[in-house]
Each structure stands twice: as structure tokens, then as C-alpha cells.
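These values consider heavy atoms only, across backbone and side chains, with no hydrogens, waters or symmetry-generated copies.
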Amino acid sequence: MSALLSAARRPSRPSWLSPRVLRVEVLAGLVVALALIPEAISFSILAGVDPRVGLFASFTMAVTIAFCGGRPAMISAATGAIALVVAPLAKEHGLGYLVAAVILGGLIQVLLAVLGVARLMRFIPRSVMVGFVNALAILIFTAQVPHLVGVPWLVYPMVAVAVAIMVFLPRVTTAVPAPLVAIVALTVFTVVAHLAVPNVGDEGTLPDSLPVFGLPDVPFTLATLQLVAPYALGIALVGLLESLMTAKLVDDITDTHSNKTRESWGQGVANIVTGFFGGMGGCAMIGQTMINVKASGARTRLSTFLAGVFLLVLVVALGDVVALIPMAALVAVMIIVSVATFDWHSVAPATLKRMPWGETIVMVTTVAGTLASHNLAIGVVLGVLVAMVVFARRVAHLAEVTSVLDPDGATRVYSVHGELFFASSNDLVYQFDYANDPDDVVIDLSGAHIWDASSVAALDAITTKYAAKGKAVTIVGLNEPSAAMHGTLAGTLRVGH
């Protein structure tokens, strides 16, 4: 009995300390770190800053979000979406203003988290999520195309070999992540055979020192605030949207729930820390997250933390070795990630045949908007807007009006069924026979619900039309919320009919 009590008092060991989980998390972090290097360099170039700015941002984002984030195993680092937002500011005003915008953007994200912006995720429908995932997969794949054009012919068989390793090795063993085996094998082969193929070193100069804490080199004036505020708002909104969408995707893959509010302010804290260390800011990276969660099997914060630590060690202490990694290996990893990320079931002919046309249009709009703008946030917003229109159009047809005449012929009773809001109530006024109805009219709303002022205005218009003909209208059957709204607004709205 005493042994059982002592065991109960003993604190449980974190799951990531078990040898099996620890091995998976460590190796996953290493694979992600290797995949982050060329991405961070390319995003730095896209933003118009030194490669070190993107690499340091990836380090600080990953390490900070490992502690502050709400979605374990998700990877945050410098991203293309943020690079597109800050590129004009960096080009026209320099790195100091970019860093100031990143810090302010982080503060805005913390504020939005406190205001509960994460709860808005419930309004993103499944069709938008599918479009988001498919667009992401396409963007990941197309981002690899420049590394496959105008390169030595040896690159193509190397990519094919790396893809083959990642496809077939997991069928033999999962002790070591297949992407890591592919990267190491191709690097060793390239060095031993003295092959002249593009490598990580060709992407940009790797840093040889640690990031340094400091304030942005800008005048702290109102003019500076006015200049960086629009970019900071863009950083905050784009970063939160992409991060929360990624968190939801990882939730689905791992069949677990994450704290979206914590993830929101965690992203803000990570951007603030990144800005004070001279980084370009960032958000969740879906490609690297898929490598971590799907390809490598990571599930804890340890992999995220180690991805940042390994990244810094690799580029600072082992930069000469990392520079030798052939781009063919990393391209192959991202190709596998893009194929695994794409929801192939969503475009299968059998699925498209069964799916309502509105759902398909929303998915296609999300994909098209993302690909056209190269911005996942824009695609998602467009998808949500189209989904709202499709929903409103669908629900508008669900409001029906039927009528019966009392046996004595003195009263006509209209029964309204459905959801009454601006789209459905606009036609409501035309469903009544004002000229031929008897003097007493009853409108029974027990099968309906009033959602907005447009519906109250429509009911006012109906009663006004009957009153003009000397007929009385009685509205009955209102549920409590509908009665409250009707009682507050009836007679106070201008009738436009």
C-alpha cells in the first residue's frame, strides 16, 4: 500500500523523456532544421535583407514558440507570407524600420489574442480548410521548380533517389526519419564523388556569429509609428491567420486539440523577441510543420525547440558542413511534403460528383486566390467571403410561407417557416395577398426565427401594407430571442417597400 502511495505522489515523467519519444523528437528537430536553412535564406532574399536576418528569425521564432505556443510540434519561423508583407518597407526604409514593424506586429498579435481573435476560427468552413491545404501543397511544390530549372542533369537522378528513399525506407524501418537518411546519403555521395551540383552554400552566406539583442535603429517618433503601423498590422493579421490555420490542420492530423488563444499570443511574443534580436519576423510554417509532424512523427514541443537550436548550431558552428548539402536532397523532401499535404480525396471525381457545387466553388476560390496572390491569408479570406455568399444564398431559399383560411372566412392564417435574415426576408413581403385577404390576418412565426433588423423591417412593411387597406395583422408564435428583437425594433425602422 505504501508503495502505491509513494508512486502516486511521485510526479509523472514528461512523455518526451521516454527514450523512444526522445529519439523521434530529436531526429525530427534535426530534419526540420536542415529544411529550414534554404527556406530562411530564400525568404530573406525575398524580403530584401541579409540571409542572416531570416536565419536568426527562424531560430528565435522556433525557440520562443516552443515555450509560448499553444500547438505542440508546430514549427514557426521566417515565412514567405511575412516576407511579402515587409519587403516594401525594407526596400524603401531599411532593416531598422522592418524590425520596428515586427515588434509592433507582435504587440498587435498579443492584443488580438487578448480580444479573443482565435475564436473566429470557428467561422472557417471545411471547404476553405481543404482549399487552404491544397493551395499550400501547390505553393510548396512550385517553390521547388526554380531549383530544378537550368541545373546540371545530375540533379534530376539525385532528386529521384532521394524521393525513392523517402517512399520506400519507411516500409522497412521508421527508426530514423527517411528525410534525414535522404539528406545525409546524398550529401555524403556528393562530397565523395566531388559532384558539381547546387548546394546550400550557393543560396547565400551563412552567419558565423550569434544574434545580438538590441533596439531597432529608428527614431522613436510619431512619424515612425505612422510609417510602420500599416506593415505591423499586416504582419499581425497574416501571421495569425496562417498560424491558426496551420494549428487547426495539425489538430486534425494528430487528432488532438490545441489552445488557439495561447497560440495567438505566443506568436506575438515570438515576433517581439525576434524583432529585438534583429529578425524579420515570421509565423507558422506549414511545410516544415508537415515534415515535423507527418514525415518525422514528432508530437511535442521538444522537436520545435530543437529545430531552432539545431538551426543555430548548424549555421554558426557547422556552416561549412551545412553548405555542402545538395539542394536536390532538400527539394526532394519538400516534394514529398507537398504530395503528402495535398488532399487528393477532395479532387477525386467520385468526391466532386457528390459534393454540393457551392462547397467546390469555395475550395477552388481559396486555391485560386492563394495561387494568384502567393498569400495564404488572402486566399482564405476570399474563400470565407464566397462561403458566406453561398451559405446566405442556400439559406435564403429555406424560408417558406403557407396560408389557410378559417372556416368562417373571417381570418387568414399565414405560417412562416425558416430562418429570417436579410437574404430570405427581402422576398417575404411579396408572399401575402393584401388585396383579397379578409380584414383579420394572423402571421404565425412559430416555425421561424428572426435574425436581423431586415426581417423586422419586412414584417413592418407587411403590417403597413395591410393597414393601408384597413386590415389588422396579428403576429404570433415568436420565440424568445425573436420576440425580443421584434419588440425592440418594430415600428422604429424605415420601411422601404
Side-chain angles (χ1 to χ4, degrees), residues 81 117-142 237-238 240-253 255 260 286 338 340-402 416-431 445 447-455 457-458 481-482:
V117 70
R119 289 194 291 270
L120 297 177
M121 285 297 295
R122 72 184 67 179
F123 297 107
I124 297 180
R126 178 188 175 278
S127 51
V128 173
M129 270 300 298
V130 173
F132 170 78
V133 169
N134 290 346
L136 168 70
I138 296 171
L139 285 178
I140 292 174
F141 181 83
T142 55
L237 296 179
V238 171
L240 277 185
L241 183 56
E242 192 158 338
S243 298
L244 293 177
M245 292 287 285
T246 305
K248 191 173 187 301
L249 176 60
V250 177
D251 288 353
D252 294 339
I253 292 173
D255 196 24
K260 304 300 188 301
I286 306 185
S338 67
T341 301
F342 195 89
D343 187 346
W344 297 99
H345 175 72
S346 67
V347 296
T351 303
L352 294 174
K353 188 180 298 184
R354 292 193 304 268
M355 191 68 63
W357 64 267
E359 302 287 321
T360 302
I361 289 177
V362 171
M363 181 189 73
V364 172
T365 300
T366 305
V367 173
T370 301
L371 296 182
S373 63
H374 287 269
N375 190 323
L376 289 163
I378 291 177
V380 169
V381 170
L382 288 175
V384 170
L385 291 176
V386 172
M388 291 169 59
V389 173
V390 171
F391 175 77
R393 187 178 185 278
R394 185 181 300 157
V395 176
H397 296 292
L398 298 180
E400 298 179 353
V401 180
T402 58
V416 182
H417 298 272
E419 307 301 319
L420 299 182
F421 66 114
F422 62 89
S424 60
S425 61
N426 284 335
D427 293 332
L428 188 65
V429 70
Y430 304 113
Q431 307 298 313
L445 295 176
H449 186 100
I450 296 176
W451 287 103
D452 60 7
S454 296
S455 302
S482 298

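The pair Asp252-Arg126 does not count as a salt bridge, with every side-chain nitrogen at least 4.0 angstrom from each carboxylate oxygen.
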- Going through the distances and angles, do Val381 and Leu241 end up as a side-chain contact (heavy atoms from CB on, under 4.5 Å)? CA-CA 9 Å; Val381 170; Leu241 183 56; 4.2 Å; yes

- Starting from the C-alpha separation in whole Å, work towards a yes-or-no answer on side-chain contact (heavy atoms from CB on, under 4.5 Å) for Ser482 and Leu445. CA-CA 9 Å; Ser482 298; Leu445 295 176; over 6 Å; no

- Message: Walk me through whether Phe342 and Ile138 qualify under side-chain contact (heavy atoms from CB on, under 4.5 Å).
- Response: CA-CA 8 Å; Phe342 195 89; Ile138 296 171; 4.2 Å; yes

- Under the side-chain contact (heavy atoms from CB on, under 4.5 Å) rule, what do Phe132 and Ile286 come out as? Steps first, then yes or no, please. CA-CA 11 Å; Phe132 170 78; Ile286 306 185; 3.0 Å; yes

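Smallest separation of non-hydrogen atoms from Glu419 and Ser424: O-OG, 2.6 Å. Taking each heavy atom of Ser455 and Phe421 in turn, the nearest pair found is OG-N, 3.2 Å. Taking both residues in full, the closest heavy atoms of Val367 and Ala135 are given as CA-CB, 3.9 Å, listed atom of the first, atom of the second, then distance. When all heavy atoms are compared, the tightest approach of Ile361 to Val386 is CG2-CG1, 4.0 Å. Here the closest heavy-atom approach between residue Ile378 and residue Ser373 is recorded as CB-OG, 3.6 Å. Closest non-hydrogen pair, Gly383 versus Thr366, comes out as CA-OG1, 3.3 Å.
Once rounded to the nearest 0.5 Å, the distance linking NE2 of His345 with CG of Leu352 reads 9.5 Å. Here the CG atom belonging to Asn134 is positioned 10.5 Å from the CE atom belonging to Met129, to the nearest 0.5 angstrom. The line from CG of Leu249 to CG of Leu244 is 12.5 Å long, rounded to the nearest 0.5 Å. Note that OG of Ser425 is 5.5 Å distant from CG of Asp452, once rounded to the nearest 0.5 Å.
Annotation: Phe141, atom CZ; neighbour count of heavy atoms from other residues, nucleotides and ligands within 6.0 Å does not exceed 12.
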